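Heads up, the thing below is written out as structure tokens.
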Amino acid sequence: MARKHWLMKSEEDEYSIDHLQSDGTTRWVGVRNYEARNLMRDEMSPGDRILYYHSNAKPSGVAGIAEVASESYPDPTQFDPDSRYHDPKASKEEPRWFLVDVRFVERFPRVVPLSEIKADEGLSEMVLVKRMRLSVQPVRKAEFEKVREMAEQGD
DNA sequence: GCCAACGTTGGC
DNA sequence: GCCAACGTTGGC
């Protein structure tokens, strides 16, 4: 099956690509949006490529590439009363929230800012541009490659 | 820090 | 099942 492409957002202060690089692989805990969950649970496969996006950053933008490193499985933080991601309505018999592991692949030589992505005609259909507030989203292969080229080109 | 967008919750 | 209230995301 063909490899798919995604974009995943992380607050730079919270978990930046540098942090992912030093960890190597991480569990993508804390997604509490059903659409994002469904994508991780049903659509992602190991080896799929991910544009790693820094939100709440200066500037916000795509900072590098990661890859899906596991099949989906229940997010363990939903069961943990001490976690900020605890969900009292979830149980181990009926988990609500799923995640995948994410592995570092590369850090771009520069962040591709959202403003440049918005300004690029070829990227006007990106989910990132058209919809707010979706932290896991599909990306077309051509969009993925274009953003990577923009990172290499400098500004 | 402001605030618009928008997903979720809960009363009815 | 509607929809107002509420909470969160995330750009700026």
Side-chain angles (χ1 to χ4, degrees), chain A residues 4-23 26-44 48-68 72-102 104-140 142-144 146-151 153-155:
Chain A
K4 296 197 186 89
H5 298 80
W6 309 97
L7 181 146
M8 296 173 88
K9 296 180 184 173
S10 181
E11 291 191 36
E12 188 176 27
D13 293 346
E14 191 109 357
Y15 197 82
S16 71
I17 194 156
D18 292 337
H19 203 151
L20 178 63
Q21 181 168 19
S22 65
D23 286 350
T26 195
R27 276 179 176 159
W28 206 254
V29 298
V31 170
R32 296 293 180 267
N33 169 284
Y34 289 105
E35 193 171 350
R37 176 204 69 181
N38 291 347
L39 291 171
M40 288 198 289
R41 188 187 61 189
D42 305 332
E43 302 293 334
M44 285 189 176
D48 286 358
R49 293 284 156 147
I50 300 162
L51 292 175
Y52 197 96
Y53 183 89
H54 285 168
S55 60
N56 280 320
K58 293 173 187 158
S60 293
V62 179
I65 295 174
E67 69 178 5
V68 178
S72 63
Y73 59 97
D75 181 341
T77 63
Q78 70 193 302
F79 310 125
D80 177 0
D82 295 328
S83 170
R84 56 189 283 214
Y85 300 124
H86 179 234
D87 183 345
K89 293 179 182 168
S91 65
K92 294 201 174 174
E93 294 70 33
E94 281 189 77
R96 272 196 177 191
W97 306 110
F98 289 76
L99 52 65
V100 295
D101 292 345
V102 170
F104 176 82
V105 174
E106 77 176 72
R107 191 181 192 287
F108 285 160
R110 68 172 192 120
V111 171
V112 180
L114 178 61
S115 58
E116 282 183 40
I117 291 172
K118 281 182 171 170
D120 190 286
E121 287 185 18
L123 299 177
S124 61
E125 293 300 308
M126 274 188 84
V127 177
L128 182 68
V129 174
K130 300 193 86 169
R131 293 193 43 199
M132 300 179 65
R133 305 184 41 180
L134 185 62
S135 67
V136 176
Q137 51 183 260
V139 173
R140 294 178 184 84
E143 294 165 344
F144 186 96
K146 181 70 199 271
V147 171
R148 200 220 302 261
E149 279 170 29
M150 289 163 80
Q153 281 163 8
D155 47 357

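Quantities reported herein were computed from a predicted structural model and do not represent experimental measurements. Convention: sequence-line order gives letters A, B, ...; per-chain numbering from 1.
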Residue pairs involving residues 79-93 of chain A (criterion salt bridge (Lys or Arg N to Asp or Glu O under 4.0 Å); sequence neighbours excluded)
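Matches after skipping sequence neighbours: A:Glu14-A:Arg84, A:Asp87-A:Arg96.
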
Name the atoms and distances for all side-chain donor-acceptor pairs under 3.5 Å in residues 56-63 of chain A, with sequence neighbours left out.
{"residue": "A:Asn56", "atom": "ND2", "partner": "A:Glu11", "partner atom": "OE1", "Å": "3.3"}
{"residue": "A:Ser60", "atom": "OG", "partner": "A:Asn56", "partner atom": "N", "Å": "3.4"}
{"residue": "A:Ser60", "atom": "OG", "partner": "A:Ala57", "partner atom": "N", "Å": "3.2"}

According to salt bridge (Lys or Arg N to Asp or Glu O under 4.0 Å), who are the partners of [X], at least two apart in sequence or on a separate chain?
{"X": "A:Arg140", "answer": "A:Glu143"}
{"X": "A:Asp18", "answer": "A:Arg107"}
{"X": "A:Arg27", "answer": "none"}

I'd like to check the ring pair (Phe, Tyr, Trp, His ring centres under 6.0 Å) partners of A:Tyr15; sequence neighbours left out, ordered by chain and number.
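Ring pair (Phe, Tyr, Trp, His ring centres under 6.0 Å) check on A:Tyr15 returns A:His19.
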
Set of ring pair (Phe, Tyr, Trp, His ring centres under 6.0 Å) partners for A:Tyr34, sequence neighbours left out:
A:Trp97

If the sugar-phosphate is the primed atoms plus P, OP1 and OP2 and the base is the rest, what is the B/S/- string for nucleotides 2-12 of chain B, using protein heavy atoms under 4.0 Å?
---BBSS-S--

What residues 5-13 of chain A contributes to the DNA chain B interface at heavy-atom separation below 4.0 Å is none

